[in-house]
2 protein chains.
Amino acid sequence: MITSTEEDYIKAIFNISQSGKRELVGTNQIAERMSTTAASVTDMLRKLNHKELIVYEKYKGVKLSPMGTMQAMSLLRKHRLWESFLVEKLDFAWDEVHDIAEQLEHIQSNDLVNRLDKYLGYPKFDPHGDPIPDAQGTITIRNQIVLSTMEVGNGGLVVGVKKHDKDFLNHLNQVGINIGTELELTHKYPYDQSIKVKIDNSEEALLSSEVCENIYLKKIR
Amino acid sequence: MITSTEEDYIKAIFNISQSGKRELVGTNQIAERMSTTAASVTDMLRKLNHKELIVYEKYKGVKLSPMGTMQAMSLLRKHRLWESFLVEKLDFAWDEVHDIAEQLEHIQSNDLVNRLDKYLGYPKFDPHGDPIPDAQGTITIRNQIVLSTMEVGNGGLVVGVKKHDKDFLNHLNQVGINIGTELELTHKYPYDQSIKVKIDNSEEALLSSEVCENIYLKKIR
DNA sequence: AAATATTTTTAGATTTGTCTAAATTTATTT
DNA sequence: AAATAAATTTAGACAAATCTAAAAATATTT
Ligand SMILES: [Mn+2]
Ligand SMILES: [Mn+2]
Ligand SMILES: [Mn+2]
Ligand SMILES: [Mn+2]
């Protein structure tokens with residue numbers, strides 16, 4: 001048995017190790033992600049280690065064990081399937097679903113998640129373009145580049161976003177960018193790394209480097 | 001803020017006071033329903049009383065306050081809408097949904113439950129025939145009688161069941177009774193209050209008094 | 001009305017997840 | 001390499017929800 005608090009820690013460890021470069025995740029990183037104290041994290045790490053969900057050496061840092069990784073996949077699967085349900089079936093916007101999915105992912109029932117998967121038509125990606133692990137925990141990998149690394153003159157389709165917070169997604173809504181939007185890079189300003197893009201072959205928009213670093217594209221030319 | 005444990009106690013108090021005759025609910029009744037000890041219940045009653053969700057006098061028993069009743073309605077609404085979703089959309093059987101809904105009812109989001117309601121087409125009753133409170137907490141009352149009180153020669157449509165446990169619902173499945181099934185009472189055995197019914201105008205079945213006391217009918221003649 | 005039985009509450013512990021403050025270890029500077 | 005800074009762990013405490021055993025209140029029986 002794993003508690004939903006433990007599940008949240010597992011997910012935090014997975015997310016941090018995905019986004020960062022180092023293999024081992026630090027106590028303070030987890031504390032910041034979970035909005036808690038380093039002391040609380042140490043307590044929990046001891047517990048997760050005892051349950052063999054993580055590999056942990058005092059002062060060295062932590063990584064998920066094979067069992068922990070499976071748990072993380074199961075959680076991502078549930079989180080992303082529920083987000084897909086909320087957007088596809090209940091007409092939520094992509095910036096409204098994260099907090100609700102954060103609760104729904106803890107519902108315990110394998111039957112439920114598999115039926116939900118079937119009901120949604122076995123989607124491969126969630127409303128933010130993140131891959132949905134299948135029932136075996138396997139993830140579809142997609143060819144994608146970060147917008148900030150693209151050259152002037154090239155273009156692509158928006159397939160995902162790196163950040164999921166309301167403020168960022170809302171900004172994209174305002175600019176007119178969503179999953180599936182076509183972008184063509186028309187100009188780069190070296191001074192602050194901001195860029196100009198043509199959106200769906202019509203209006204142009206200026207995007208800050210902050211924004212460019214958080215948008216994934218599938219190149220089309 | 002109300003915790004999901006508190007929510008479960010509120011629901012237990014509501015359910016007990018509905019099924020029983022007395023207005024006030026006792027500590028032991030709650031303890032049995034919640035599979036916990038009387039001491040734990042007393043602790044929680046003090047807490048719920050402090051939050052003004054119940055009206056509580058030491059040793060006297062307890063009832064829901066107006067605020068507590070509202071909370072109970074909100075919970076029933078969520079529980080029953082989720083059960084409807086599981087059966088209508090995910091093809092669960094009516095005897096498989098209770099435990100999952102027991103978890104889903106604690107998800108916090110008014111927007112979610114109202115969108116779910118709309119998505120399901122504003123159903124008035126759940127898969128067990130229980131009324132679903134609307135967004136204002138109002139319940140549709142239905143004309144129904146308990147099968148055990150019906151006279152020989154009369155008939156009706158099954159509109160609900162009093163118990164929700166797997167074993168009981170499974171038994172009904174085996175006999176061929178579900179919501180909407182037509183029953184005609186053909187014989188009563190005074191010895192043990194068991195009865196014979198004609199199901200959907202074809203086969204006959206024998207039902208024990210235990211079963212008859214837990215089936216609600218809408219009389220058709 | 002007294003004795004007995006039942007129900008309910010209190011007292012004192014336990015587990016889980018959390019916190020602050022202090023101590024320890026590791027990393028970085030000088 | 002010593003000093004300083006940063007990261008991490010330990011110590012000790014707290015709130016929530018639970019438990020067992022004992023005490024107190026209420027209900028029932030004689
Ligand atoms: Mn999310
Ligand atoms: Mn997502
Ligand atoms: Mn139910
Ligand atoms: Mn029901």
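Residue numbers start from 1 in every chain, and the chains themselves are labelled A, B, ... in the order their sequence lines are given, proteins ahead of strands.
Atom CG of B:Asn49 and atom P of C:dT9 are 11 Å apart (whole Å). In this structure, the NZ atom of A:Lys58 is 11 Å from the P atom of C:dT24, given to the nearest Å. In this entry the distance linking CD of A:Glu57 with P of C:dT26 reads 10 Å, nearest Å. Rounded to an integer number of Å, the gap from A:Glu6 CD to C:dT15 C1' is 12 Å. One atom, NZ of A:Lys51, and another, C1' of C:dT16, lie 10 Å apart when rounded to the nearest Å. Rounded to whole angstrom, the span from the CE atom of A:Met34 across to the C1' atom of C:dT16 amounts to 14 Å. Atom OH in A:Tyr59 sits about 10 Å away from atom P in D:dT8, given to the nearest Å. What separates CG of A:Asp8 from C1' of C:dT16 is a distance of 15 Å, to the nearest Å.
Heavy-atom distances to DNA chain C give each of A:Lys60 and B:Val41 a nearest nucleotide, and the one nearer the 5′ end belongs to B:Val41.
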- Query: After noting the C-alpha distance and the side-chain angles of A:His98 and A:His128, does the key distance pass the ring-ring contact (aromatic ring centres under 6.0 Å, His included) rule?
  - Reply: CA-CA 10 Å; A:His98 186 83; A:His128 311 103; 7.1 Å; no

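Ion pair A:Glu57/A:Lys63 not flagged as a salt bridge, since none of the NZ, NE, NH1 or NH2 atoms sits closer than 4.0 Å to an Asp/Glu carboxylate oxygen. Ion pairing between a basic and an acidic side chain is recognised when a charged N comes within 4.0 Å of a carboxylate O; A:Arg77 and A:Asp117 show such pairing.
With sequence neighbours excluded, the residues satisfying side chain to side chain contact (heavy atoms under 4.5 Å, CB included) with A:Arg115 are A:Asp111, B:Leu90, B:Asp91, B:Phe92, B:Glu96. Residues satisfying the side chain to side chain contact (heavy atoms under 4.5 Å, CB included) test with B:Ser35, not counting sequence neighbours, are none. Under the salt bridge (charged side-chain N to carboxylate O under 4.0 Å, His left out) criterion, A:Arg80 pairs with no residue, sequence neighbours left out. Contacts of A:Gln144 classified as side chain to side chain contact (heavy atoms under 4.5 Å, CB included), with partners at least two apart in sequence or in another chain: A:Arg142, A:Val159, A:Tyr216.
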Distances for protein N or O near nucleotides 19-21 of chain C N or O, under 3.5 Å:
residue : atom : partner : partner atom : Å
C:dC19  : OP2  : A:Thr36 : OG1          : 2.3
C:dC19  : OP2  : A:Thr37 : N            : 3.3
C:dC19  : OP2  : A:Thr37 : OG1          : 3.4
C:dC19  : OP2  : A:Ser40 : OG           : 2.8

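DNA chain C lies under 4.0 Å from at least one heavy atom of each of the following residues of residues 9-30 of chain A: A:Tyr9.
With hydrogens and angles left out, the side-chain atoms of B:His164 and B:Asp130 include a donor and acceptor closer than 3.5 Å.
Distances shorter than 4.0 Å separate none of the side-chain N or O atoms of B:Arg46 from OP1 or OP2 on C:dT9.
Ranking D:dT10, C:dT9, C:dT24 by closeness to the B:Tyr56 side chain, first place goes to C:dT9.
In this structure, CG in B:Leu207 is found 6.0 Å from CD1 in B:Ile215, a value given to the nearest 0.5 Å.
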